[in-house]
Structures are given as structure tokens and as C-alpha cells.
Amino acid sequence: MPWLLPRVVAVVLAMLAGTALGALAGGWLDARAAGMALGGATGVMLAATLDTLRAQRLLAWLRGSQDAQAPVEPGFWGELGYRVERLLRSRDKAIEAERLRLQQFLSAIEASPNGVLLLDGDEQIAWCNSVAAMHFGLDPARDRGQRLTHLVRAPAFVAHLQLGSYDQPVVFTAPPGRQTLSVLVRRYGEGMKLVLSQDITERERTEAMRRDFVANVSHEMRTPLTVLAGFVETLATLPLTEVERRRVLQLMEQQTTRMQTLIDDLLTLAQLEGSPRPTVERWIRVDELLARVRADGEALSAGRHQITLHAAPDGEVAGSLEELISAVGNLVSNAVRYTPEGGRIGLRWRVREDGAGEIVVSDTGIGIAREHLPRLTERFYRIDGSRSRETGGTGLGLSIVKHVVQRHGGELDIGSEPGQGSSFRIVLPALRVRGHGHGGDAARPAEDAAG
């Protein structure tokens with residue numbers, strides 16, 4: 001014990017000094033032995049008192065906050081104070097480091113796109129991030145310490161939590177935003193639970209759309225295949241005249257063309273969804289684009305409609321020529337199909353005051369009821385299914401138009417009234433437009449089509 005020897009030496013020196021002083025004082029009083037004994041005891045008492053004072057100062061510092069420096073003392077108590085202070089400072093640094101790590105960990109959980117909720121052994125909320133609070137309709141501060149099942153009343157979730165078997169997640173609809181949640185529960189520690197929540201509303205919607213899409217494609221393909229199978233059987237089993245045979249072959253060709261058109265539209269949609277957006281570096285003259293579309297529309301119309309075009313020669317847009325021809329061509333094709341013979345179809349280009357460009361396809365056709373307008377761009381949505389099939393429509397044309405417009409950063413605006421014709425506007429952002437081409441106002445379909 002290296003600290004013991006200095007203290008013993010100090011006591012011995014104090015005793016010797018006291019004994020010497022006591023002997024000197026006793027010699028004056030003819031009581032040398034008594035003076036030596038008294039002096040030695042006094043020296044030991046002074047040394048003990050000084051040692052006690054030093055210990056008391058160290059003890060007072062330990063009983064305090066330890067924010068100030070430890071008492072600086074020589075010898076044992078000074079060494080003890082220094083070492084205690086060093087241990088305390090080391091502990092404070094370790095606690096601060098752990099606090100920072102905990103804060104970083106909680107910040108990482110807070111940044112998670114999934115909800116994280118911690119429950120104690122009594123299923124009371126110990127902590128939750130903001131995503132979990134949003135999923136379950138909780139207040140992270142106010143609801144801490146509350147029993148989760150008292151706040152979340154979804155029967156499927158409560159039953160799952162009480163069941164105790166957490167191998168599979170539970171899926172249910174949460175009340176706050178009516179979103180669909182997938183919740184996974186895991187045990188940890190002493191009876192504590194980790195609750196992980198994920199909003200799968202979009203996934204469920206996408207899956208429903210996929211199922212509907214597959215069902216619609218199957219339905220659209222089944223009808224012409226059934227017709228073709230019937231005609232093949234007719235040709236194979238029944239004796240037909242030449243006129244009847246030509247009629248059957250003509251109907252078979254129509255059904256084959258219908259399936260081919262459907263497949264082409266499906267491939268176009270797949271290509272649009274899987275390819276990068278068109279760049280703003282390739283510029284296209286709008287008058288040439290619309291002239292090509294007009295020529296295709298006139299070929300489809302075969303002289304049954306008057307198709308007019310208004311576009312100044314200096315108008316240009318940045319994007320994909322093939323996609324824009326496909327989009328505008330679909331609109332013109334629809335206008336031809338749904339405009340009675342002798343009707344008017346208008347193609348117009350103009351640059352608006354805000355710099356955006358506007359391609360308008362209008363007609364004097366049968367028009368569309370207001371309740372159908374919001375759903376027109378849905379895949380396979382038809383106002384009149386039988387009429388659409390008779391005119392050769394696949395139900396995908398406007399969906400293709402919408403995808404093309406969105407890929408160019410624009411918007412599709414549809415206006416129509418039954419018996420008053422329709423107007424389809426493709427509005428492209430200013431960054432994709434240059435030139436000052438102006439085709440006039442296109443507010444009313446019938447007037448636009450009239451040119």
C-alpha cells in the first residue's frame with residue numbers, strides 16, 4: 001500500500017515534533033517526561049485533525065454536484081480526490097457519448113418511412129416515432145404511458161396483439177386517414193414489444209389496379225377470340241356460298257385487327273411506363289406534327305368530316321415526336337369515331353400568355369356527360385362499351401394520351417357536353433415551348449371545329 005507509508009511517516013514526524021516541543025517546555029517546568037508525553041499526543045492530534053479536515057473537504061465536494069474542481073490537497077486525500085474526479089469526468093463523457101448515440105438512433109428511427117412503436121410489459125406506450133403516431137392516430141408526448149389498446153380500437157389489431165402469436169403481420173384499415181396498415185409485432189426484453197407499421201394503401205390500390213387490368217385485358221381478348229373460334233368452326237363444318245365465306249372472312253379480319261390494335265396499345269403503354277421522360281433538347285415544329293395527324297385523321301374519316309388546322313409556323317415544342325403524334329392522333333381518331341358524318345373537327349395550336357403551349361382537338365360530335373369526364377383516362381373505361389367496340393376503340397387511347405402528356409410535364413383538360421361536341425386540350429409547360437405561334441381562342445368545341 002504505497003499510500004500508507006507517507007501517512008505513517010507524517011504522524012510519526014508530528015509526534016516527534018510534539019515530543020521535542022513537550023520536552024523543551026517540560027524542562028522549563030521540571031516535568032520533562034510529562035511534557036514529552038503531552039507534546040507527542042498533541043502532535044498526533046494535530047496531524048489527525050488536519051487529515052480529518054482534508055477528508056471533510058473531499059467529502060463535501062463528493063456530496064455536491066461535482067461541477068467544480070476537486071479540492072487540491074497534498075498526500076493521500078489529494079490523490080484520492082484527483083482519481084475520483086477523473087473517474088467522474090470519464091463517466092460523464094461516457095454518458096454523453098451514449099446519450100448522443102441514443103439520440104442518433106432515435107433520429108434514425110424517426111426518419112424511417114415505417115412506424116416504430118415501443119410497448120412496455122403492460123402494453124403501455126414507451127415511445128413512438130411520428131410515422132407510427134400518424135398511423136395509429138397518437139400524440140407522441142401526450143399518449144406516452146397510455147395503454148395502446150385503449151387508444152387504438154381496430155378489432156383486427158387488438159385481437160392480434162392479444163393473441164400472442166406474432167409470426168405473421170396483421171393487415172387492417174386504420175381510422176385516421178382510412179389507410180391500410182400492415183403491422184408486425186416482435187417481442188424483446190422483459191415482456192416488451194416492438195410494433196412496426198407500414199402504410200400499404202398504395203400497394204393495395206396498385207394490386208387492385210393490376211387485378212382489374214388483367215381481368216379487363218382477359219375480357220377484351222376473350223370476345224374476339226370467341227368470335228374467331230366460332231367463325232373457324234363455321235368454315236370447317238358448314239357449306240358456305242362464296243358471298244357468305246367472304247363475309248365470314250371479313251368479320252374474322254375485323255376481330256383480328258381489333259386484337260392487334262389492343263396488343264399495340266398495351267405495348268405502347270408498357271413502353272411509356274418503362275422508359276425515361278423525353279428530354280427538352282429535341283425540338284419539334286408543331287405545324288408539321290399537326291399536319292401529319294390531320295393527314296391520318298382524313299384517311300380515317302374518308303371524307304366524312306371536315307378537319308381544319310390552325311397553327312403558326314414558328315411554334316415548337318420539346319419532346320418526343322412519336323409520343324406526341326400518338327397522343328394527338330388518339331384524340332383525332334376519337335373525334336372521327338364519335339362525330340357523325342358531316343361534322344367538323346378542329347386542330348389548333350396556340351401559346352398562352354404564361355408561355356405554356358396548348359394543342360386543342362375539338363369536334364362537333366355526340367359529346368360526353370359531365371359525370372364521365374373524371375374517369376375518361378382510366379384504362380378500359382368506356383361510356384358506351386358496345387359503341388366503342390363497334391367503332392374500333394380499345395379503351396386505352398385516352399390512357400395513352402394521359403401518360404404522354406404527363407411524361408412531357410403537361411396536363412390534359414377535357415371539356416364536353418352531350419350534343420355539343422368535345423374539346424381536348426394538351427397543355428405543355430413553358431420550358432418545352434418556344435415561338436409565338438397563336439391559333440386563336442379555343443373555348444368552345446363547335447366554334448373551334450368550325451375554324
Side-chain angles (χ1 to χ4, degrees), residues 59-70 84-210 374:
L59 184 61
W61 176 76
L62 290 173
R63 287 173 175 170
S65 62
Q66 294 95 43
D67 292 334
Q69 187 178 3
V84 169
E85 182 180 23
R86 188 172 67 176
L87 287 174
L88 290 175
R89 299 293 177 254
S90 177
R91 181 205 64 179
D92 291 343
K93 289 182 180 179
I95 292 175
E96 180 63 18
E98 290 298 326
R99 188 190 67 80
L100 289 176
R101 276 195 288 269
L102 177 61
Q103 186 63 39
Q104 291 174 351
F105 178 73
L106 293 178
S107 297
I109 297 179
E110 184 65 35
S112 171
N114 298 327
V116 180
L117 192 147
L118 306 181
L119 302 180
D120 61 17
D122 296 325
E123 296 183 353
Q124 295 176 341
I125 301 172
W127 184 86
C128 71
N129 66 354
S130 58
V131 178
M134 179 182 64
H135 286 171
F136 293 104
L138 304 174
D139 186 309
R142 182 194 64 201
D143 294 333
R144 186 171 297 180
Q146 298 294 318
R147 193 175 181 87
L148 180 61
T149 51
H150 291 171
L151 303 174
V152 180
R153 302 298 182 88
F157 173 70
V158 174
H160 179 75
L161 196 63
Q162 295 175 348
L163 183 63
S165 178
Y166 307 132
D167 295 334
Q168 299 295 327
V170 58
V171 177
F172 62 96
T173 301
R178 308 304 300 176
Q179 71 267 38
T180 303
L181 297 181
S182 174
V183 177
L184 185 65
V185 181
R186 288 288 183 265
R187 291 188 177 91
Y188 76 100
E190 295 295 330
M192 303 181 74
K193 295 182 180 69
L194 172 67
V195 180
L196 303 174
S197 60
Q198 183 180 16
D199 187 350
I200 60 171
T201 306
E202 186 64 24
R203 185 199 305 173
E204 292 286 300
R205 188 183 70 84
T206 303
E207 180 63 23
M209 289 178 59
R210 186 192 66 81

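- Every side chain to side chain contact (heavy atoms under 4.5 Å, CB included) that Tyr188 has, sequence neighbours left out, goes to Leu118, Met192, Leu194.
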- Query: Could you walk me through whether His160 and Phe172 pass the side chain to side chain contact (heavy atoms under 4.5 Å, CB included) check?
  - Reply: CA-CA 11 Å; His160 179 75; Phe172 62 96; over 6 Å; no

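- Across all non-hydrogen atoms, the minimal contact from Leu181 to Ala174 is CD1-CB, 3.5 Å.
- Judged by distance alone, with hydrogens and angles left aside, the side-chain atoms of Ser90 form no donor-acceptor pair with the main-chain N or O of Arg86 at under 3.5 Å.
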- Message: Test side chain to side chain contact (heavy atoms under 4.5 Å, CB included) on Ile109 and Trp127; report intermediate values, then the result.
- Response: CA-CA 11 Å; Ile109 297 179; Trp127 184 86; 3.6 Å; yes

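- A distance of 12.5 Å separates NZ in Lys93 from CG in Leu88, rounded to the nearest 0.5 Å.
- Of the inter-residue distances, the one linking Leu100 atom CG with Ile95 atom CD1 reads 12.0 Å to the nearest 0.5 angstrom.
- No option in Leu196, Val183, Leu138 other than Leu138 meets the side chain to side chain contact (heavy atoms under 4.5 Å, CB included) test with Leu117.
- When the side chain to side chain donor-acceptor pair (under 3.5 Å) test is applied to Arg101, the partners found at least two apart in sequence or on another chain are Glu98.
- Taking each heavy atom of Val131 and Gly115 in turn, the nearest pair found is CG1-N, 3.5 Å.
- Under the side chain to side chain donor-acceptor pair (under 3.5 Å) criterion, Arg144 pairs with no residue, sequence neighbours left out.
- To the nearest 0.5 Å, the span separating CZ on Phe136 from CG on Asp143 amounts to 12.5 Å.
- Under the side chain to side chain contact (heavy atoms under 4.5 Å, CB included) criterion, Asn114 pairs with Ser112, Gln198, not counting sequence neighbours.
- Judged by distance alone, with hydrogens and angles left aside, the side-chain atoms of Glu110 form a donor-acceptor pair with the main-chain N or O of Ser130 at under 3.5 Å.
- In terms of the side chain to side chain contact (heavy atoms under 4.5 Å, CB included) criterion, residue partners of Arg99 (sequence neighbours excluded) are, by chain and number, Glu96.
- No side-chain donor-acceptor contact under 3.5 Å links Ser182 to the backbone of Val171.
- One finds the CG atom of Leu161 at 4.0 Å from the CD atom of Glu123 (value rounded to the nearest 0.5 Å).
- Asp122 pairs by the side chain to side chain contact (heavy atoms under 4.5 Å, CB included) definition with Asp120, Gln124, Arg147, not counting sequence neighbours.
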- Message: Apply side chain to side chain contact (heavy atoms under 4.5 Å, CB included) to residues Leu119 and Ile125 and explain how you reach the verdict.
- Response: CA-CA 5 Å; Leu119 302 180; Ile125 301 172; 4.2 Å; yes

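- Rounding to the nearest 0.5 angstrom, the gap separating the SG atom in Cys128 from the CG atom in Asp139 is 8.5 Å.
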